[in-house]
Amino acid sequence: TKSDVDHDEL
Amino acid sequence: MNIFRLTGDLSHLLAIIILVLKIWKTRSCAGISGKSQILFALVYFTRYLDLFTNYISLYNSFMKIVFIGASLATLYLMYMKFKATYDRNHDTFRIEFLLIPVTLLGLLVNHEFTPLEIGDTVLVVQVLWTFSIYLESVAILPQLFLVSKTGEAETITSHYLMALGSYRALYLINWIWRYYFEGFYDLIAIVAGIVQTVLYCDFFYLYITRVIRGRALRLPA
């Protein structure tokens, strides 16, 4: 599974 | 990165620095909930696992490492160095009442919507991220419970709570901003962020009406 959600927030 | 996101991050950073300094300078962790601090450490460890899987920026990695480091330092000060000052008789919130529902919710409502498979690193990181978002939204409850139980908080502890609560409130404005200008939104983070901020409302009111006017934070009997 490749996530399309990149969490740039902390 | 907009101004609300940046001030939110700085507010978060300020909160954890205030906490470490308060404990270090007063040589005491009285009035601080060790249970909330354990939950925050768990939040950072589960959310920032992506330090190993996903590079975003130097700023991002740096802040994550600082949050994990400060969190560990706080736990060390509370449970080792100044253990004798820890208010364990008042810190009696049952954290399993938070951990169990939050774990179930993280498994059921996350961004992947696929069954959990062993060895799927991306999926595991994603589920743990979701768990951490849910857990963070309620992690302050043991601390608020402790304050309500003792009926008071030191002024420095109030500043810590104010900075920590403001951080997610500023993130909410950041999310509105990002929705309008970037078309970006993350429903899980938004809903949890609203819950997290709402939990502080009562405290915000007391802070504004008492602490800012130079009085100690004492709850009405």
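Just so we're on the same page: letters track the sequence lines, and every chain starts at 1. Hydrogens, waters and symmetry mates play no part in the numbers below; they use all other heavy atoms, side chains included.
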Validation row: B/Phe67, B/His12 side chains within 4.5 angstrom (heavy atoms): yes
Any side-chain heavy-atom pair of B/Tyr79 and B/Cys29 under 4.5 Å: no
Distance, nearest 0.5 Å, that separates CD1 of B/Ile56 from CG of B/Asp50: 5.5 Å
Proximity of residues 30-49 of chain B to chain A, residues having a non-hydrogen atom under 4.5 angstrom: B/Arg47, B/Tyr48
Pairwise distance CG(B/Leu107) to CG(B/Leu128) - rounded to 0.5 angstrom: 9.0 Å
Main-chain N/O of B/Phe4 paired with B/Asn174 side-chain donor or acceptor, under 3.5 Å: no
All salt bridge (charged side-chain N to carboxylate O under 4.0 Å, His left out) counterparts of B/Asp87, not counting sequence neighbours: none
Contact residues of residues 160-170 of chain B (partner chain A; heavy-atom separation under 4.5 angstrom): B/Tyr167, B/Arg168
Residues B/His159, B/Val211; criterion side-chain contact (heavy atoms from CB on, under 4.5 Å); working and verdict: CA-CA 9 Å; B/His159 294 327; B/Val211 181; 3.8 Å; yes
Ring centroid separation B/Trp175 to B/Tyr179 under 6.0 Å: no
Side-chain touch B/Tyr59/B/Leu6, heavy atoms, less than 4.5 angstrom: yes
Side chain to side chain contact (heavy atoms under 4.5 Å, CB included) partners for B/Lys83, two or more places apart: B/Arg88
Toward chain A, the part of B/Asn60 with a non-hydrogen atom under 4.5 Å: both
